[in-house]
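Below, all heavy atoms of this structure are taken into account, side chains as well, without hydrogens, waters or symmetry copies. Below, chain A is the first sequence line, B the second, and so on; all start at residue 1.
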2 protein chains.
Amino acid sequence: MNEQLRAISELDRVIHEPGRLMIIALLAVVKECDFLYLLHETEMNKGNLSSHLTRLEGAGYVEIEKTYRGKLPQTLLRLTRAGRAAFDEYRKGVKAAF
Amino acid sequence: MNEQLRAISELDRVIHEPGRLMIIALLAVVKECDFLYLLHETEMNKGNLSSHLTRLEGAGYVEIEKTYRGKLPQTLLRLTRAGRAAFDEYRKGVKAAF
DNA sequence: ACCAACAAGTTTGCATAACAAACCAGTTTA
DNA sequence: TAAACTGGTTTGTTATGCAAACTTGTTGGT
């Protein structure tokens with residue numbers, strides 16, 4: 001297998017999924033945001049966004065903090081250190097593949 | 001949605017799958033090859049490779065020609081014009097996303 | 001001549017995964 | 001006080017990727 005194909009085959013599938021890639025790319029820039037911001041920015045539906053976030057949390061890439069804004073629930077999201085590292089790695093892989 | 005996210009969300013899912021991305025990246029370079037070459041080069045198993053190729057054929061991205069090498073069957077693969085165009089588009093999307 | 005092993009793929013079955021609809025707890029508005 | 005809205009989560013269905021098993025034919029051994 002050549003280098004290009006190797007790079008492709010080693011891409012992190014958790015990050016590779018476009019829905020999650022959008023989430024991570026956003027969090028990499030804004031550091032922290034809430035569920036609704038992600039919802040509007042990514043144009044996903046709520047169920048979808050929720051499950052992708054849960055998946056990212058399970059992978060240790062995203063931190064989910066549940067709090068309140070006034071009396072309404074609010075979910076805050078941040079990239080973990082591991083998440084940032086995985087994203088950097090993913091980008092290196094993409095660069096290597098193209 | 002910002003430009004980066006738009007680019008991500010519009011990535012062609014048929015091409016985005018790493019298995020198929022490897023196939024297409026290879027075919028984009030070599031123009032034509034056979035099943036076994038792809039098999040060894042991508043390190044997939046046969047079943048997997050076969051179904052990805054069928055999917056790519058269904059999308060109109062790859063042409064499958066069944067022939068013989070001596071008495072043994074041989075399957076030749078080429079990118080179609082549409083396949084090349086889709087791959088170019090995909091790469092533009094990736095560039096735009098990172 | 002016959003049977004086992006191999007070549008080149010394809011089909012089948014299963015476990016995940018993505019997606020959207022339905023749901024839920026609490027809050028604000030009319 | 002009931003209807004509608006907020007901010008999500010859970011559930012159910014569909015699709016997908018994957019590998020094991022199968023298929024069709026060929027070659028090799030005895």
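- Side-chain contact between B:Glu41 and A:Leu5 is present, with heavy atoms from C-beta onward closer than 4.5 Å.
- OP1 or OP2 of C:dG9 sits under 4.0 Å from a side-chain N or O of B:Thr75.
- For residues 34-43 of chain A, proximity to DNA chain D is found at A:Phe35, A:Leu36, defined as any non-hydrogen atom under 4.0 angstrom from a strand atom.
- Contact between the side-chain N/O atoms of B:Ser50 and the OP1/OP2 oxygens of C:dG9 is not found at any separation under 4.0 Å.
- The listed nucleotides are D:dT16, C:dG9, C:dA17; the one nearest the side chain of B:Gln74 is C:dG9.
- Between B:Phe35 and B:Ile64 the shortest side-chain heavy-atom distance does not fall below 4.5 Å.
- A 4.5 Å side-chain heavy-atom check between A:Arg78 and A:Leu27 finds every atom pair outside the cut-off.
- Side-chain N or O atoms of B:Glu63 include none that pairs as donor or acceptor with a backbone N or O of B:Thr80 at under 3.5 Å.
- Here D:dG17 presents its P atom at 11 Å from NE2 of B:His16, a figure rounded to the nearest Å.
- Among residues at least two apart or in separate chains, salt bridge (charged side-chain N to carboxylate O under 4.0 Å, His left out) pairs with a member in residues 86-98 of chain A are A:Asp88-A:Arg91, A:Glu89-A:Lys92.
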Contacts under 3.5 Å, N or O only, protein and nucleotides 18-23 of chain D:
| unit_1 | atom_1 | unit_2 | atom_2 | d |
| --- | --- | --- | --- | --- |
| D:dC18 | OP2 | B:Asn48 | OD1 | 3.3 |
| D:dC18 | OP2 | B:His52 | NE2 | 3.3 |
| D:dA19 | OP2 | B:Asn45 | ND2 | 2.6 |

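- In this model, the phosphate group of D:dG7 is approached by a side-chain N or O of A:Arg69 to a distance below 4.0 Å at OP1 or OP2.
- Of the residues in residues 3-12 of chain B, not one comes within less than 4.0 Å of DNA chain C through any heavy atom.
- Side-chain contact between A:Thr75 and A:Glu65 is absent, with no heavy atoms from C-beta onward closer than 4.5 Å.
- In this structure, the CG atom of A:Leu49 is 16 Å from the P atom of C:dA21, given to the nearest Å.
- In this structure, A:Glu17 and A:His52 have side chains that are in contact, with non-hydrogen atoms separated by less than 4.5 Å.
- D:dG7 atom P lies 14 Å from atom CG of A:Leu77, rounded to whole Å.
- The closest side-chain heavy-atom distance from B:Ile23 to B:Leu49 is below 4.5 Å.
- Phosphate proximity of C:dA18 to A:Arg20: present, with a side-chain N or O under 4.0 Å from OP1 or OP2.
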Legend entry - Criterion side chain to side chain contact (heavy atoms under 4.5 Å, CB included) on B:Leu56 and B:Leu77, from CA distance to verdict: CA-CA 10 Å; B:Leu56 287 169; B:Leu77 293 324; over 6 Å; no
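- In this structure, A:Leu53 atom CG and D:dT10 atom C1' are separated by 15 Å, rounded to whole Å.
- Residue pairs meeting the ring pair (Phe, Tyr, Trp, His ring centres under 6.0 Å) criterion with at least one partner in residues 61-98 of chain B, sequence neighbours excluded, are B:His16-B:Tyr90.
- To the nearest angstrom, P of D:dG7 lies 12 Å from NZ of A:Lys66.
- Judged by distance alone, with hydrogens and angles left aside, the side-chain atoms of A:Thr54 form a donor-acceptor pair with the main-chain N or O of A:Ser50 at under 3.5 Å.
- Connection of A:Leu76 to A:Val62 is not established within any shared hydrophobic cluster, with ILVMFWY side chains joined at heavy-atom distances below 4.5 Å, either directly or through further cluster members.
- Linking Ile, Leu, Val, Met, Phe, Trp and Tyr whenever their side-chain heavy atoms come within less than 4.5 Å puts A:Leu38 and B:Met1 in one cluster.
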Please write out each protein N/O paired with an N/O of nucleotides 24-30 of chain C under 3.5 Å, distance rounded to 0.1 Å.
none

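- By the 4.5 Å heavy-atom criterion applied to side chains, A:Glu43 and B:Ser9 are not counted as neighbours.
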